[in-house]
Amino acid sequence: MGTDDLATVLESLRPSSGHMGLIGADPRLCAQILRVDGIAVSATTDSGPSELLWSTAGASARLEDLQFALGEGPGLDAAASVTPVLVPDLASLPADRWPALSPEAAALGIGAIFCFPLSLGSACLGTMTLQRGTPGPITDTTMTDVLLVANALVALLLEDGPQQTSFADADDSSDFYRAVVHQASGMVSVQAGVSLAQALLRLRAHAYRHGRPVVEVAEDVVARRLSFQNDENGPGTPAGEGTEGP
């Protein structure tokens, strides 16, 4: 992989006509060029939860979902501090840094995590998270390429186009990853008699305890395959198992 390959990825980040995703390049190729096993880009939202925009399949996508479900991890830290979070050896991370996430990430075969805020000044638009199975730092040469990709992604997120409008609207028919989670949270709120924030926590808890992506659980709620109406946990309790619905 050389300069020409990086240029190809940078040029293809802008989605082609008819592609409603915010990012159009092949994430697998981008990961290869940056010498990592996986990449994920998430946008921050005014409502708090991040929105997964683009990722390689497998460990990277699962890592983003785990951060969303557990409420901790490099993406949240990078977005809050607007500084990179570099963990060249996950096994050496202090146990109290991400106590719930770290063992889950290790179980996915992740040995190193590098998360970069996609920021404009002090405003964080999103995060770019790289992961690799083999521990070790990013080389200076690769870091230069990483920052070029990050800067290109910031420019892309700031563009005014149909993809950005669709993401900003985020209605129930949106193709974006977690639009269904917001819809399901409203349904759980009514079913369990709790606030929207508590409803989201119950969705996350159910997904984590059953080893499923939050989006899949939300889809079950929206399709009425899963109901929290008979949840034994009272209002104000963040955990909720939910019951299978008709």
Side-chain angles (χ1 to χ4, degrees), residues 6 9-10 13-15 21-25 27 30-31 33-56 59-90 93-94 97-98 100-102 104-105 108 110-132 135-161 163-164 167-168 170 176-178 181 214:
L6 177 61
V9 167
L10 292 174
L13 285 174
R14 183 176 290 102
L22 285 181
I23 305 170
C30 188
I33 290 171
L34 299 182
R35 303 181 186 280
V36 292
D37 296 331
I39 183 172
V41 173
S42 291
T44 56
T45 64
D46 292 338
S47 60
S50 63
E51 174 73 33
L52 179 62
L53 301 178
W54 183 71
S55 76
T56 49
S60 286
R62 182 59 178 152
L63 179 64
E64 292 299 296
D65 199 72
L66 282 168
Q67 292 187 81
F68 180 75
L70 298 172
E72 64 180 37
L76 282 77
D77 290 357
S81 64
V82 199
T83 56
V85 175
L86 308 179
V87 184
D89 186 359
L90 185 63
L93 196 70
R97 178 68 183 274
W98 304 316
L101 180 75
S102 291
E104 296 286 348
L108 291 173
I110 296 174
I113 301 174
F114 311 99
C115 187
F116 299 83
L118 303 177
S119 59
L120 185 66
S122 61
C124 185
L125 307 176
T127 57
M128 178 179 72
T129 303
L130 313 176
Q131 60 82 15
R132 191 174 59 217
I138 294 179
T139 66
D140 291 343
T141 300
T142 301
M143 182 64 78
T144 299
D145 293 343
V146 168
L147 296 178
L148 284 172
V149 172
N151 288 335
L153 287 168
V154 170
L156 186 62
L157 292 176
L158 289 172
E159 285 188 357
D160 184 15
Q163 292 87 359
Q164 286 76 4
F167 175 70
F176 287 103
Y177 186 67
R178 293 199 173 101
V181 174
V214 178

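- Between Arg132 and Phe114, some side-chain heavy-atom pair lies under the 4.5 Å cut-off.
- Panel note: side chain Trp54, backbone Ala25; a donor-acceptor pair is recorded below 3.5 Å.
- A donor-acceptor pair is defined here as one N or O able to donate and one able to accept, closer than 3.5 Å; such a pair exists between the side chain of Thr44 and the backbone of Leu125.
- One N or O on the side chain of Asp65 and one on the backbone of Val214 form a donor-acceptor pair closer than 3.5 Å.
- Not one N or O on the side chain of Ser119 forms a donor-acceptor pair closer than 3.5 Å with the backbone of Val82.
- Rounding to the nearest 0.5 angstrom, the gap separating the OG1 atom in Thr129 from the CD atom in Gln67 is 5.5 Å.
- Interatomic distance, CG of Asp37 versus OG1 of Thr56, reported as 8.5 Å (0.5 Å rounding).
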For this session: Apply side-chain contact (heavy atoms from CB on, under 4.5 Å) to the pair Leu153 and Phe116, showing each step before the final yes or no.
Result: CA-CA 11 Å; Leu153 287 168; Phe116 299 83; over 6 Å; no
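- At distances below 3.5 Å, at least one donor-acceptor pair connects side-chain atoms of Ser81 with backbone N or O atoms of Asp77.
- With Ser55 contributing its side chain and Ser60 its backbone, the two residues share no donor-acceptor pair below 3.5 Å.
- A donor and an acceptor atom, one from each side chain of Thr142 and Thr139, are located under 3.5 Å apart.
- Put simply, CD1 on Ile23 and CG on Leu13 are 7.0 Å apart, with the number rounded to the nearest 0.5 Å.
- At distances below 3.5 Å, not a single donor-acceptor pair connects side-chain atoms of Glu104 with backbone N or O atoms of Leu66.
- The backbone N or O of Ser42 lies less than 3.5 Å from no partner atom in the side chain of Glu64, so there is not a single donor-acceptor pair.
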